[in-house]
Amino acid sequence: MSMKRVLSAIQPTGRAHLGNYVGAIQNWVKLQHEHECYFFIADLHALTTAYENTQNISEDTFQLAVDLLAAGLDPQKCVLFRQSDVTEHAELHLIFSMFTPLGWLERVPSYKDKKEELKGRDLNTYGFLGYPLLQAADILLYKADYVPVGRDQLAHLELTREVGRRFNHLYRPVFPECKELLTEVPFLPGTDGRKMSKSYGNTLPLSDPIEKTHKTVLAMMTDPARKRRTDPGDPAKCPVFTYHQIFTPNDKQAELAQGCRSAGIGCIDCKKVLLEHMDQHFAAYRQRRKDFESNPDQVARILTQGAERARKVAHSTLTEVKSALKLT
Ligand code: TRP
Ligand code: SF4
């Protein structure tokens with residue numbers, strides 16, 4: 001059985017939160033032991049929406065690198081780098097842009113959706129339309145077999161396969177077909193019960209100090225039917241319980257659910273149990289975060305070395321691409 005190549009990325013827009021952790025980061029940590037993995041911080045992608053306000057990208061990139069390393073990504077086990085450090089991403093994106101029909105990009109659902117979501121900003125740009133094409137370049141540059149993503153990214157992978165096929169057809173076969181590695185994660189609600197999202201301000205940033213995390217969890221929304229301590233609740237209608245399902249052992253979960261339904265326990269007690277288990281889960285993360293945060297040179301070195309390793313693969317693909325295009 002040969003090692004499959006895995007590639008994924010995350011954008012440095014603000015701090016990574018619990019949704020990112022449960023939905024992606026935790027899975028990456030596991031995958032690094034099973035496959036040849038390339039993980040990167042997509043700072044060029046961040047530019048597509050933050051082009052007017054670029055001053056935070058570098059700090060966000062650093063903090064994201066700290067989060068990834070603290071969560072357990074091991075630079076001996078995976079290649080971790082910053083997208084803009086490997087200029088081949090931009091070069092392949094440019095080459096792809098020559099033969100990608102505008103219609104393919106215009107009909108990617110996230111294009112209209114995100115433009116609607118970020119209405120206040122002018123996203124009538126060439127770069128924003130090309131966002132998924134840059135992602136296609138990211139993936140094809142490494143000839144990735146598997147791309148771990150959430151459902152919202154499936155259209156981007158479909159486009160990636162179409163672009164690869166078009167290249168192979170126009171010039172010669174260079175690119176294999178990538179497959180998604182759908183991360184089937186429990187939907188993790190935000191602190192107010194809606195989808196966890198930076199734009200709703202309902203996230204739990206991983207890097208929050210422990211006291212802050214406690215405060216946020218203690219203020220979380222619960223089953224709205226439990227107005228008083230004596231009202232019975234329904235765990236299925238409570239975002240706190242979704243977190244229990246991730247962090248609290250099964251037997252304890254069952255006990256809490258029972259206590260909730262019978263009004264035997266209060267929400268504060270229930271949340272305190274959750275915090276105990278979350279604190280346990282993130283103890284190693286918190287320690288490592290402290291170490292990396294106070295050692296920015298080490299983080300920079302890890303990213304530089306990661307970029308060097310990534311560039312080897314990227315350069316070799318680009319050489320093949322240029323030769324297929326007869327640009328030699
Ligand atoms: N678009 C992805 C997201 O928003 C991030 C991303 C950029 C990505 N390049 C990628 C994911 C390549 C997988 C592969 O989550
Ligand atoms: Fe939610 Fe727990 Fe309160 Fe029930 S007891 S409503 S599960 S916080």
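Heavy atoms only: backbone and side chains are in, while hydrogens, waters and symmetry mates are out. Bear in mind the structure is a predicted one, so any value in this text is a computation, not a measurement.
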Hey, does the side chain of [X] reach the backbone of [Y] with a donor-acceptor pair shorter than 3.5 angstrom?
| X | Y | result |
| --- | --- | --- |
| D231 | R228 | yes |
| H35 | C37 | no |
| S316 | K312 | no |
| N202 | S197 | yes |
| R288 | A70 | yes |
| R82 | A300 | no |
| T54 | Y51 | no |
| R261 | D234 | no |
| R151 | L154 | no |
| S294 | D291 | yes |

Drop me the distance from [X]'s [atom1] to [Y]'s [atom2], to the nearest 0.5 angstrom.
| X | Y | atom1 | atom2 | value |
| --- | --- | --- | --- | --- |
| Q83 | I10 | CD | CD1 | 13.0 Å |
| K143 | E177 | NZ | CD | 14.0 Å |
| E180 | T160 | CD | OG1 | 10.5 Å |

Of all heavy-atom pairs between [X] and [Y], which one has the smallest distance, and what is that distance?
| X | Y | answer |
| --- | --- | --- |
| L218 | K271 | O-NZ, 3.0 Å |
| R286 | T213 | NH2-OG1, 3.4 Å |
| N168 | V174 | OD1-N, 2.9 Å |
| P75 | L69 | CD-CD2, 3.9 Å |
| H214 | D279 | NE2-OD2, 2.8 Å |
| T13 | A46 | CG2-CB, 4.1 Å |

request  = Applying side-chain contact (heavy atoms from CB on, under 4.5 Å), run through L181 and L31 and close with a yes or a no.
outcome  = CA-CA 10 Å; L181 216 54; L31 287 167; 3.8 Å; yes
Do [X] and [Y] belong to the same hydrophobic cluster, where Ile, Leu, Val, Met, Phe, Trp and Tyr are linked whenever their side-chain heavy atoms lie under 4.5 Å apart, directly or via other members?
| X | Y | result |
| --- | --- | --- |
| V217 | M196 | yes |
| L170 | W104 | yes |
| Y131 | L129 | no |
| I25 | L204 | yes |

Assess, by modelled atom type and distance only, whether the side chains of [X] and [Y] contain a donor and an acceptor separated by less than 3.5 Å.
| X | Y | result |
| --- | --- | --- |
| E293 | N295 | no |
| E59 | Q63 | yes |
| S84 | D43 | yes |
| Q135 | H156 | yes |
| D67 | Y21 | no |
| R15 | S207 | yes |
| R311 | T87 | no |
| D74 | Q32 | no |
| N124 | K115 | yes |

key: Aromatic plane relationship, F282 with F247 - under 30° parallel, 30 to 60° tilted, over 60° perpendicular   = tilted
request  = Over 60° means perpendicular and under 30° means parallel, so classify the ring planes of F81 and Y142, tilted if in between.
outcome  = tilted
query = Does any non-hydrogen side-chain atom of S262 lie less than 4.5 Å from one of Q258?
reply = yes
Output field: ring centroids F96/F175 closer than 6.0 Å = yes
query = Under 6.0 Å between ring centres, would you say that holds for H277 and Y243?
reply = no
inquiry  = Applying ring pair (Phe, Tyr, Trp, His ring centres under 6.0 Å) to Y111 and F128, what does each step give before you reach the verdict?
reply    = CA-CA 8 Å; Y111 177 60; F128 186 68; 5.7 Å; yes
query = Looking at L140, L141, I95, which hits side-chain contact (heavy atoms from CB on, under 4.5 Å) with V321?
reply = I95
task = Verify side-chain contact (heavy atoms from CB on, under 4.5 Å) between F241 and Q253, making sure each step is shown before the conclusion.
result = CA-CA 8 Å; F241 200 75; Q253 259 181 57; 4.3 Å; yes
request  = Report the C-alpha separation of E162 and R166 in whole Å, then their side-chain angles, then the decisive distance to 0.1 Å, and conclude whether the side-chain contact (heavy atoms from CB on, under 4.5 Å) test is met.
outcome  = CA-CA 6 Å; E162 278 173 330; R166 186 156 166 92; over 6 Å; no
